[in-house]
K.L.:
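One structure, pasted below without further comment.
Bear in mind that the values here come from a model prediction, so they are computed numbers and not experimental data. A note on names: the letters A, B, ... follow the listed sequences, proteins ahead of strands, and every chain is numbered from 1.
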Number of protein chains: 2
Amino acid sequence: MTANSATDLLREHNLRPTRQRMALAALLFDGTARHVTAESLHDQVKDMGITLSLATIYNTLHQFTNVGLLKEIKGIGDAKWFDTNIDQHHHFFDISNDHLIDIPASSITISHLPASPDGKVIDGVDVIVRLSDKSPDKSSG
Amino acid sequence: MTANSATDLLREHNLRPTRQRMALAALLFDGTARHVTAESLHDQVKDMGITLSLATIYNTLHQFTNVGLLKEIKGIGDAKWFDTNIDQHHHFFDISNDHLIDIPASSITISHLPASPDGKVIDGVDVIVRLSDKSPDKSSG
DNA sequence: ACAATCTTTACAATCATTCTAAACTACTTG
DNA sequence: CAAGTAGTTTAGAATGATTGTAAAGATTGT
Ligand SMILES: [Mn+2]
Ligand SMILES: [Mn+2]
Ligand SMILES: [Zn+2]
Ligand SMILES: [Zn+2]
C-alpha cells in the first residue's frame, strides 16, 4: 500500500491521514491477510523504527474496526485480535505458536444446527479449530 | 448434592473436603448444567450467606478443572467461564444477557473441514453460536 | 495432642485494555 | 500564510480480571 492509497483509504472513511494512521494502514492493508493484537502491531511498528504509543494503536485499531476496515476476533488467547479479512470466516488457531489461519466460511459446512430459543435469532457462528503439533511417533523413538 | 456426596466427590479427587470446597461443590454439582464465572459464583455464594474469598473461588475452580470436574471455556465475554458439562460440546451465547446454553456435539454436523496444515493435528473444534433478541417488526410499529 | 501438610485469605502485583486531560496536528476560513 | 476549531496523540492513571505471596488457619495421620 502506497502513501497515496493509504491517504485515500483513510479519507474515504473520514479519518484524517495522520503519520500514525498512515504507518498502521501501510502495515495492515498490504493485501495479505493479517491477524494482529495491539501488542504485536506495536512491536511491528517499533521494529520499523516508527514510534507511536500503545494508546494510539488501540485507538486506531478501534477506529479501523468501526469503519469496517478490520474485524475484531475474541476468544483467541488472552488478547483481542484484529483481522484484515472482514468477510465472514472461521479460523485455525495453532496453539503452539499463537498463529491464526483463515478458513473461508464456504469451506466448512455446518448442518443440523439446533433451532434458536424462542425470541432469539442467530447473530453469527464462530468456529475455531485448535491445532497442535503432531506428536512425534513414540513407538519408533 | 448432599454433604456426604460432596465429601466423597472431593475425596475421590484427592481434595480435602473443606467448608469452602463443600459449599462450591454443592452449588456446582447439583446435576444441572451450569456455566459460571469466578465473579458470578462468588455472588451466588454470598447470596447464600456464605463468606469465602474470591481467591478461593479461583483456586477451587482451577482445582476442580484440574481433576476433570469442570471445563474451562474461553472467548465468551471478558471473563473465563467454567462449565459443569465436561463432555465435548458447543454453545449458544446470548449476547443480550450473557447466558450460555449447551449444544451437544452430536447435534451439530461439521463437514468439509479443510485438512490441517502439515505437521499439525486438530486438537478440538469450538463452535459458538451468537444469539440476539429478535428485532421487533419495524414495519408494523 | 503434635507435627506435617494443605488450604484460605488479605493484599500486592500483573496484564490487557480503557480513560483522562493536556499537548499537538490537520483542516478550514480569511 | 495566520488564526481558529475540531480532531488526534500521548503519558500516565485507572480499571477489571486474574494470579502471586506469605502468613494465619484447617485437616490429616500418628
Ligand atoms: Mn471500507
Ligand atoms: Mn472426575
Ligand atoms: Zn481471519
Ligand atoms: Zn457448556
Side-chain angles (χ1 to χ4, degrees), chain A residues 3-4 6-27 35-46 50-67 69-70 72-83 98 100, chain B residues 3-4 6-27 35-46 50-67 69-70 72-83 98 100:
Chain A
N4 271 341
T7 305
D8 291 350
L9 182 73
L10 291 169
R11 285 244 164 79
E12 280 162 21
H13 292 89
N14 295 306
L15 296 169
R16 290 187 180 174
T18 62
R19 174 180 67 80
Q20 292 84 342
R21 287 177 180 151
M22 302 279 279
L24 295 177
L27 264 175
H35 299 96
V36 301
T37 63
E39 283 291 354
S40 78
L41 189 56
H42 196 214
D43 290 348
Q44 274 182 65
V45 296
K46 275 193 294 198
I50 300 167
T51 299
L52 86 194
S53 76
L54 191 53
T56 296
I57 303 269
Y58 277 105
N59 289 342
T60 306
L61 286 173
H62 291 150
Q63 290 152 358
F64 285 3
T65 301
N66 287 338
V67 301
L69 287 167
L70 291 176
E72 204 175 309
I73 309 175
K74 285 197 263 189
I76 307 287
D78 291 326
K80 284 186 194 160
W81 288 76
F82 294 85
D83 192 339
D98 271 36
L100 284 170
Chain B
N4 271 339
T7 306
D8 291 351
L9 183 73
L10 292 169
R11 285 242 165 81
E12 279 162 22
H13 291 90
N14 295 307
L15 296 170
R16 291 186 181 175
T18 63
R19 173 177 69 79
Q20 291 84 345
R21 285 176 182 152
M22 302 279 279
L24 295 178
L27 263 174
H35 300 96
V36 301
T37 63
E39 283 290 354
S40 78
L41 188 55
H42 196 214
D43 290 348
Q44 274 181 66
V45 296
K46 276 192 293 196
I50 300 167
T51 301
L52 86 196
S53 75
L54 190 54
T56 296
I57 302 268
Y58 276 105
N59 289 341
T60 305
L61 287 173
H62 291 149
Q63 290 153 359
F64 285 3
T65 302
N66 287 339
V67 301
L69 287 168
L70 291 176
E72 204 175 308
I73 310 176
K74 286 197 263 188
I76 307 288
D78 291 324
K80 284 185 193 161
W81 290 76
F82 294 85
D83 192 340
D98 271 35
L100 284 170

K.L.:
How close or far is atom C1' of D/dT8 from atom CE of A/Met22, stated in whole angstroms?
P.N.:
15 Å
K.L.:
Is it true that B/Arg11 and B/Asp8 have a side-chain N and a carboxylate O under 4.0 angstrom from each other?
P.N.:
no
K.L.:
Going by salt bridge (charged side-chain N to carboxylate O under 4.0 Å, His left out), name the pairs with one or both residues in residues 73-82 of chain A, residues two or more places apart or in two chains.
P.N.:
A/Glu72-A/Lys80
K.L.:
Considering non-hydrogen atoms only, spot the tightest contact between A/Ile73 and A/His35 and give its length.
P.N.:
CD1-CD2, 4.0 Å
K.L.:
Please list, by residue number, the residues of residues 54-64 of chain B whose heavy atoms come closer than 4.0 Å to an atom of DNA chain C; answer none if no residue qualifies.
P.N.:
B/Ala55, B/Thr56, B/Asn59
K.L.:
How many Å lie between CG on A/Asp78 and P on D/dG16, as a whole number?
P.N.:
19 Å
K.L.:
Side-chain N or O of A/Lys80 less than 4.0 angstrom from OP1 or OP2 on C/dC15?
P.N.:
no
K.L.:
Look for any protein N or O under 3.5 Å of an N or O in nucleotides 27-30 of chain D and output each such pair with its distance, or none.
P.N.:
| residue | atom | partner | partner atom | Å |
| --- | --- | --- | --- | --- |
| D/dT27 | O2 | B/Arg16 | NH1 | 3.1 |
| D/dT28 | OP1 | B/Arg11 | NH2 | 3.1 |

K.L.:
Measure across B/Ala38 and B/Leu54 and return the closest heavy-atom pair with its distance rounded to 0.1 Å.
P.N.:
O-CD1, 4.1 Å
K.L.:
Check whether any side-chain heavy atom of A/Leu9 sits under 4.5 Å from a side-chain heavy atom of A/Leu69, and report yes or no.
P.N.:
yes
K.L.:
Check the distance between D/dG16's P and B/His42's NE2 and give it to me in whole angstrom.
P.N.:
16 Å
K.L.:
Any non-hydrogen side-chain atom of A/Val36 less than 4.5 Å from a side-chain atom of A/Gln44?
P.N.:
yes
K.L.:
Can you measure B/Leu52 atom CG to C/dA10 atom P for me and round it to whole angstrom units?
P.N.:
10 Å
K.L.:
If you round to the nearest 0.5 Å, how far is CG of B/Leu61 from CG of B/Leu41?
P.N.:
5.5 Å
K.L.:
Considering all heavy atoms of both residues, which atom of B/Met22 and which atom of B/Pro17 are nearest to each other, and what is their separation?
P.N.:
SD-CB, 3.8 Å
K.L.:
Rounded to whole angstroms, how far apart are CZ on A/Arg21 and P on C/dC27?
P.N.:
10 Å
K.L.:
To the nearest angstrom, how far is B/Gln20 atom CD from C/dC6 atom P?
P.N.:
17 Å
K.L.:
If I take atom CD1 in residue B/Ile76 and atom C1' in nucleotide D/dT18, what distance separates them, rounded to the nearest angstrom?
P.N.:
18 Å
K.L.:
So which heavy atom on B/Ile76 is nearest to which on B/Trp81, and how close?
P.N.:
O-NE1, 3.2 Å
